[in-house]
Every structure is written in C-alpha cells, then in structure tokens.
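For reference, the structure discussed in these notes is given below.
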Protein chains: 2
Amino acid sequence: MQHYVDRIVRDSKLPYYYQLYVILRHKIRRGEWQPGDMIPPESELVERYGVSRVTARQALEALANEGLIERHRGKGTFVAYPTIEQALTRIISFTEDMRQRGAVPSTRVLSASLVPAPEDIAGKLGIDPGDELVRLERLRLADGEPMTVEESYLVHQFCPGLLELDYRSGSLRELLEVRYDLRWVRAKQVIRAINAPRALAAILSVKPNAALLFIERVSFNQQDIPGEYLRLYHRGDRYSLYNELRG
Amino acid sequence: MQHYVDRIVRDSKLPYYYQLYVILRHKIRRGEWQPGDMIPPESELVERYGVSRVTARQALEALANEGLIERHRGKGTFVAYPTIEQALTRIISFTEDMRQRGAVPSTRVLSASLVPAPEDIAGKLGIDPGDELVRLERLRLADGEPMTVEESYLVHQFCPGLLELDYRSGSLRELLEVRYDLRWVRAKQVIRAINAPRALAAILSVKPNAALLFIERVSFNQQDIPGEYLRLYHRGDRYSLYNELRG
DNA sequence: TAGTGGTCTAGACCACAAA
DNA sequence: TTGTGGTCTAGACCACTAA
C-alpha cells in the first residue's frame, strides 16, 4: 500500500494495463470513487496515464469482469453497487457480508489455541501432520442472533505470535495484513448441507439435526501457498447464498 | 444449431470476435477438440477466419475467462479439462454435471402437468398469477441412486404443447432448443440448506429431516425474459458444490 | 532458431445516449 | 451535435518454450 503511486511506472516489470487496473481498483476500494459515480472516460485515462486506448480498455475490462464497474455505451463507466453475489465469487469478510445483507455483525471468540495439524487438515494445507496451527473458533452474530460458527486453522509459521496480539476486538483479516503482510488472494471451497451435531446446534440456538450450510475453504496467500483452512457452519434458516450463472 | 457455419459472416449484426467465440466454443462442446488438445495458434485463426489478431485474441480471451481453454506462452492454447467448478458459474445440465463427477446419470419423471401459476412463482417469473405453467417433477439418479429432485416450472407460452412431445426420453434442454428455439442464457439462484420434508425424504431414500442442499433458480431466455423457475433438492450426503474465490 | 502467446501503439469507423 | 464506449485493423516488439 505504501508503495502506491498514481501513475504508470515505465520500467516496471508489470504491464501497463495491470498497473492501471490496480490504480483504478485502489480508487474504488478506498472510496475515492463511490458506487454510482462516473469514472473518467477512456479518453481521459489515455491522456492522464499516457497509455493507448487499447491498454486503458484492457484495464477497464478486467474491472468490469470482476463486477467492480459497469460500462454503458454513450453514457460512461460507473462504479458498481456491491451485490451479495460477490459472496460466491469474492473472498469477503463476515463483516462485509452482513453489511451487504443489511444486518449488524458481531463476534464472540469461542476458543483460541495452538494445535498440531491433524492429518486431514495437513493434507489440505500441504503441510506435515503435527505442524503448528492457530485454531480459532468464533461465533458470528447478525443483529445479535447467532448466524455462523467459524472454525479457522491458520498456518502458524505465517503469523507467529498471533495469539499474543489483540485478535479479539478488530478484524482478523486486517491484523494479518498489517502485522504479517498476509493476504488471501485466492480460495477454493466446497459447499454442502449437513445436519447440526448436538454441540453445534446448542451454540447456534437451533434444534439438533437442523440443516446447516457447511462450507470448507482453503485460502492461498500472495505466493499462492495455502495458509488457512476454514470451516463455516451457517444456519440454514437464516443464511443463503446468491449467485448468477451464464448459459 | 442448424444455422451453424464455420466462418465469419461479414454483414452479420454480431461482432466478429463473438462469432469466432461461438465457432470455437462449438468445436469444443461437440468434442471436435478434446480436453488436452492444442487448438490452432492465433496466426492460423487469423488466416482461417480472416480477422485481425486482436479480434481473434478477443474471442480466445472470452473462452479463457470461462475456463474452456488454457493459454501458455511459447507452447500454445489447449482445451481445458472440465472441472466441477463450472457447476457454480455455468448453467449445465444434470447429465453434464454427473458426467463431470464421474457418475452415470438417469432420470425418472415423477409428474408432468399444466398448472396455473401460484402467486409466489408468478412474481419470480414476472407473469400474472394463474398464467399457464408446465410443471415437471423429475427424480435424478447418479449410478442408480437417488440424488436430486427437480421441480421445474416452464412458462407454457414459450413452449406450447410441450407435454405432447417426448420429453421423457431425451434431454429437455435440447428439446426446448430444437423445437422452440429456447435457450437459457442467464440464471439467478439462491442456495440454502433445509431439512427434508417427509414426502421428499421418501423419494430421495433419506431419513425425514435429513439435510438437503436446496436451490431456487430463475432462468432467462435469449431476450432476457424469465422462462423457467426451478427448485432443486440435492441430497446433502451425496451432493456438494465446488467453486473458487478471488481475493 | 522458429513458433507461440503477451503487450502495446495509432488510427479508424460505428452505435448509442443526451443535450 | 457531441461525447461515450464497442469493434476492428496492421504492425511492432517482447518473453517464453522447444527443437
């Protein structure tokens, strides 16, 4: 972030279109351009950043593909309003997720400890069984009502000493980025429906055997190395996923 | 399908890159090019179809974005091996879905009738309550074992007389395309976990209250008009969805 | 060295929206 | 009529792979 500059670096190894993509994405993410705002037309980007129109369009196309902007011939290019659909294509935090659904999020830490990696999780993370993992179990609430139990396993090597920090009050995601320069850039997940075991049912305030939306996710860091294994148990009666398909 | 030609139509209203995209996709879908095959290099496509390199690349990029091909600098462009991930971004048939999972699909029609549209479904389809719908209830089996109950509501106006045709033996999807020129180009869906009601449980051979992955889907035709409302009840113990997220 | 895809340019014509 | 994004071209240089 601190290396951010608002211009194309000519002798960079990164392609111009990618540099421009990052610049524009940054302005949207930090709110300099708000949803609904028109962003500068192609002609202006061409002048301002000194690239050809094709190159500018390549950057804009990438943003459009991700749903961050909408383009309208004759009218212009506009910052898109975030939709819940992003929950199924983008890695977003519980906080973001709930805000998009119009609910007030809160969190209770159920347990936090260092554990040796069980065989199955070690396999998914590509580490050796017994390697140190941070296990963090949290209850997520929406408008004060239990919504989701989150069971997270972080490779301790990537965030040594995490449990000594204040992981309870703020966003874990931010903490990992600020203190360890650790971000999840990609993730794979499997979605299933399961019946709630008794213990989980009690925590979520549902009947035993109530249907839960169960998600297992492996997240990859900037070097494309797996760093987190996550289990999400969403209440079936309160949580749903939305997405769009193409033909 | 019968209008397919293996060349760019110059005076078409469709852009060249899109025509080329459809042509190449067609060759992949029908198996003319198999997964792992190298497809002609850009230079050959440029010659063969009489378009510029930029235009050819635009078509290839669209295919790459959808995961149908993989491009490798210095090596070439190759047909990708299909992954289950497509189940969450593309509209695919149960048959395709099961084949990708390595199972043998089969179908039993449970009921088929004309019904007046209930209010809730009419709302989702943008029609008036009472309008005619084709209701088709089918049990889908994988390797002979019940997997999914599919409850489909088709706007009868788009496929008049469908029930007099042979919708039982072949693919419904193909029938709609061939006889009514009807294709679903886009769909919205909501995914939830529910407990199986007794009747559904019996059909799916699971215990009452077993967890099901429940999907509600509205599909849109070529004119972007809703034409089908679908309810999918997947067995939680046998069916899962896979997808990838970006950071 | 030859062939592949990746990036970039300058310039053109078009369709669409708004004034 | 003006300004926007959509499409298309010919040509260039580069990086990577394999022979």
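In what follows, every chain begins at residue 1, and chains take the letters A, B, ... in the order their sequences are listed. Predicted, not measured: the structure shown is a model, and the values here were computed from it.
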Parallel, tilted or perpendicular: which one describes the rings of B:F78 and B:H72, with boundaries at 30° and 60°? tilted

Answer yes or no: does a side-chain N or O of [X] lie under 4.0 Å from OP1 or OP2 of [N]?
| X | N | result |
| --- | --- | --- |
| B:T77 | C:dG5 | yes |
| B:Y17 | D:dT7 | yes |
| B:S43 | C:dT4 | yes |

Measure from NZ or CZ of B:R57 to the centre of the six-membered ring of B:Y17, then state whether that distance is under 6.0 Å and the direction lies within 45° of the axis. no

Taking the cut-offs as 6.0 angstrom to the six-membered ring centre and 45 degrees off its axis, would you call A:R179 and A:Y167 a cation-pi pair? no

Check nucleotides 10-13 of chain D against the protein and report each pair of N or O atoms closer than 3.5 Å, with its distance, or say if there are none.
residue	atom	partner	partner atom	Å
D:dA12	N6	B:R53	NH1	3.0

Any side-chain to backbone donor/acceptor pair from A:Y153 onto A:L125? Under 3.5 Å, distance only. no

If only side-chain N and O atoms count, and only distance matters, is there a donor-acceptor pair under 3.5 Å linking B:Y18 with B:Q58? no

Using a distance-only test with no angle check, is there a side-chain donor-acceptor pair under 3.5 angstrom linking B:Y180 and B:N221? no

Please assess B:Y229 against B:E216 for the test side chain to side chain donor-acceptor pair (under 3.5 Å), listing each intermediate value before the final yes or no. CA-CA 7 Å; B:Y229 170 69; B:E216 285 180 284; 2.6 Å; yes

Go through residues 69-76 of chain A and report each residue with a non-hydrogen atom lying under 4.0 Å from DNA chain C, sorted by number. A:R73, A:G74, A:K75

Toward the 5' end of DNA chain C, by each residue's nearest nucleotide, B:R57 or B:P41: B:P41

Side chain to side chain contact (heavy atoms under 4.5 Å, CB included) test vs A:L45 passes for just one of A:I23, A:L24, A:T77, namely A:L24

